Amino acid sequence: MAGDNVIKHSSENPFESMKKRFDVAAKIIGLDESDYNVLIAPQKAVIVNIPVTMDDGKVRVFEGFRVVHNANLGPSKGGIRYSMDVHLDEVKALAAWMTWKCAVVGIPYGGGKGGIKCDPRSMSKGELERLTRSYTDLMVDVFGPDKDIPAPDMGTGPQEMAWIMDEYSKLVGHSTPAVVTGKPIVLGGSLGRVEATGRGVMVSTRSALSKLGISPIGATTAVQGFGNVGSISAKLLASQGMKVVAISDVSGAYYNENGINVEEAIAYRDGNKGTLEGFTAGRKITNAELLELEVDVLVPAAMEDQINEENADRIKAKMIVEGANGPTSASADEILNRKGIMVVPDILANAGGVTVSYFEWVQNRLGYFWTEERVYRRADRVMKTAFEGVYAASQKYNISMRIAAYVVAIEKVAEVEKLRGKFGL
Ligand code: GLU
């Protein structure tokens, strides 16, 4: 997402932001210097320049990235982002977050991430296809069902995954659906994958509310971002009896103290070229104002660095559940802690997506597909178990849920690294 309405702070480098949390957690668990040095550095970072013939016949060159942060626990896993804001340090941070995320929920993957600096909204379907296929060609030695497995992220979805699957399969000479997740169902996608991240946000919100002794019935929430994660989180939170008082996208934020009908908002967006522009079921406010509403639960589900040292002090929510990756800058952590706001961190709260990606990969390799009910039941169990594990660590060390999640993850990846030895991919 980009636009005047979304707060952007380039002041905090996302990789530095990740590292600050890592440093705090590393100290708590007494990580030795060698392990520290191995775990903080990405194992691989590939930069490619992708020439694409545009519809007007001219060739444009796009910069693309794929970072494998760590592949100790298994093949690296993580989405591919199409956005004009993509840069190497962002992809490095997002890849590291995938390592910690997979470790927190206990799935056998390492962390990776990819990105292409482009504006997908201004490109035709043909241009996007040629871009995605050429990127796959250039990454053929990086990707692989036992090596590195991409998935959707901001600006990409099932169609891009289908192109990657097709191009990769052609290059290796046989159909390889398990090379990528988040595929369309007919092509080997998993039931429940599209809803998975939002569902995980809902499950972790419920767990967190119960720790604070707040009933979901009538609890208020504001959700920033109305893409896949934001809109489905909002819909599922409403299905639990919560009152969604504000939603937003690049066009601005919409507030209604009596609650917004999320299904109606989704239908409006879908019939309005994907934006909430002109939505009248709520009073128009800014994205910045949405973040500062007095609600029980704030769900930032847009982009990085939305809650930062400039606005953290004005956050009035009782709890923040991070649907996006990195929506809170490291400098805001301390302010939120001081204010006693419980933060369910990204690497836990939004892990439902990669969990069902793992289920998709398992189903592809089995050649046997699960019912939606089975996917949900298993994903919910993974999310609840992970939440309790992180909560227990936060109690044990008397630390925030964020640092606790890093502690749980780093302990696991460090242990595996010790068992395997330091240099294996
Ligand atoms: N892009 C999603 C994330 O940040 C999903 C990654 C995946 O499914 O591999 O968690």
Side-chain angles (χ1 to χ4, degrees), residues 1 14 18 65-71 73-83 86 90-116 139 142-158 160-161 164-165 177-184 188-190 192-201 204 225 227-230 232-233 300-304 321-327 344-364 375 379 382-383 386 405 409:
M1 284 190 144
M18 186 286 298
F65 307 90
R66 185 74 185 171
V67 173
V68 173
H69 173 258
N70 191 288
L73 255 52
S76 47
K77 188 82 190 82
I80 298 173
R81 173 172 293 202
Y82 286 3
S83 152
V86 164
E90 182 196 45
V91 184
K92 275 167 63 181
L94 289 162
W97 281 323
M98 288 309 301
T99 302
W100 315 135
K101 194 184 297 188
C102 293
V104 164
V105 286
I107 57 177
Y109 286 142
K113 201 81 173 196
I116 301 179
M139 292 295 176
V142 179
F143 296 163
D146 289 303
K147 263 168 97 177
D148 179 49
I149 308 152
D153 197 75
M154 266 167 60
T156 60
E160 285 75 18
M161 302 308 116
I164 293 174
M165 182 267 186
V179 71
V180 62
T181 62
K183 296 179 292 295
S190 176
R193 175 62 186 86
V194 170
E195 300 78 15
T197 311
R199 191 172 171 93
V201 167
S204 21
N228 170 276
V229 180
I232 294 172
S233 300
M303 59 189 299
E304 288 108 272
V321 182
E322 296 183 335
N325 291 311
V344 186
D346 45 8
I347 56 173
L348 170 62
N350 71 38
V354 74
T355 299
V356 177
S357 273
Y358 166 55
F359 295 162
E360 179 174 331
W361 180 82
V362 167
Q363 293 170 78
N364 289 156
V375 170
V382 166
M383 291 303 293

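None of these values were measured; they are calculated from a predicted model. Both ligands and their constituent atoms are indexed starting at 1 by order of listing.
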With no hydrogens and no angle check, do the side chains of Ser357 and Arg193 hold a donor and an acceptor under 3.5 Å apart? yes
Taking a cutoff of less than 4.0 Å between a non-hydrogen atom of the residue and any ligand atom, is Met154 in contact with ligand 1? no
Does some side-chain heavy atom of Asp153 sit less than 4.5 Å from a side-chain heavy atom of Lys113? yes
Between Leu73 and Pro108, is any pair of side-chain heavy atoms under 4.5 Å apart? no
Less than 4.5 Å apart, side chain to side chain, heavy atoms only: is that true for His69 and Trp100? yes
Looking only at distance, does Asp153 have an N or O less than 3.5 Å from an N or O of ligand 1? yes
Any idea which atoms of ligand 1 are less than 4.0 Å away from a heavy-atom of Gly78? 9 (O)
Nearest 0.5 Å, what's the OG1-NZ distance between Thr99 and Lys77? 12.5 Å
Relative to ligand 1, is Val356 under 4.0 angstrom through side chain, backbone, both or neither, heavy atoms considered? neither
Distance to 0.1 Å, residue and atom name: give those for the protein heavy atom nearest to atom 8 (O) of ligand 1. Ser357 OG, 2.6 Å
Taking only heavy atoms of Lys77 into account, list the atoms of ligand 1 that are under 4.0 Å away from them. 7 (C), 9 (O)
What part of Pro150 sits under 4.0 Å from ligand 1 if we count only heavy atoms: the side chain, the backbone, both or neither? neither
For ligand 1, which atoms, with element, lie under 4.0 Å from some heavy atom of Lys101? 3 (C), 4 (O), 10 (O)
With no hydrogens and no angle check, do the side chains of Asp148 and Ser76 hold a donor and an acceptor under 3.5 Å apart? yes
Which bit of Arg193 gets closer than 4.0 Å to ligand 1, counting heavy atoms only: side chain, backbone, both or neither? side chain
Any non-hydrogen atom of Arg81 lying under 4.0 Å from ligand 1? no
Atom 7 (C) of ligand 1: nearest protein contact (heavy atom, Å): Ala151 CB, 3.3 Å
Hey, could you give me the OG/CD1 distance between Ser83 and Ile116, rounded to the nearest 0.5 Å? 11.5 Å
Under a plain distance cut-off of 3.5 Å, with no hydrogens placed, do Ser190 and Lys183 share a side-chain donor-acceptor pair? no
Are any of the N/O atoms on Pro152, whether in the backbone or the side chain, positioned under 3.5 angstrom from an N/O atom of ligand 1? yes
Taking 4.0 angstrom as the limit and counting only heavy atoms of Met98, give me the atoms of ligand 1 inside it, by number and element. 3 (C), 4 (O), 6 (C), 10 (O)
Near Lys113 (heavy-atom distance under 4.0 Å), the atoms of ligand 1 are 1 (N), 3 (C), 4 (O)
How far does CH2 of Trp361 sit from CG of Asp146, to the nearest 0.5 angstrom? 6.0 Å
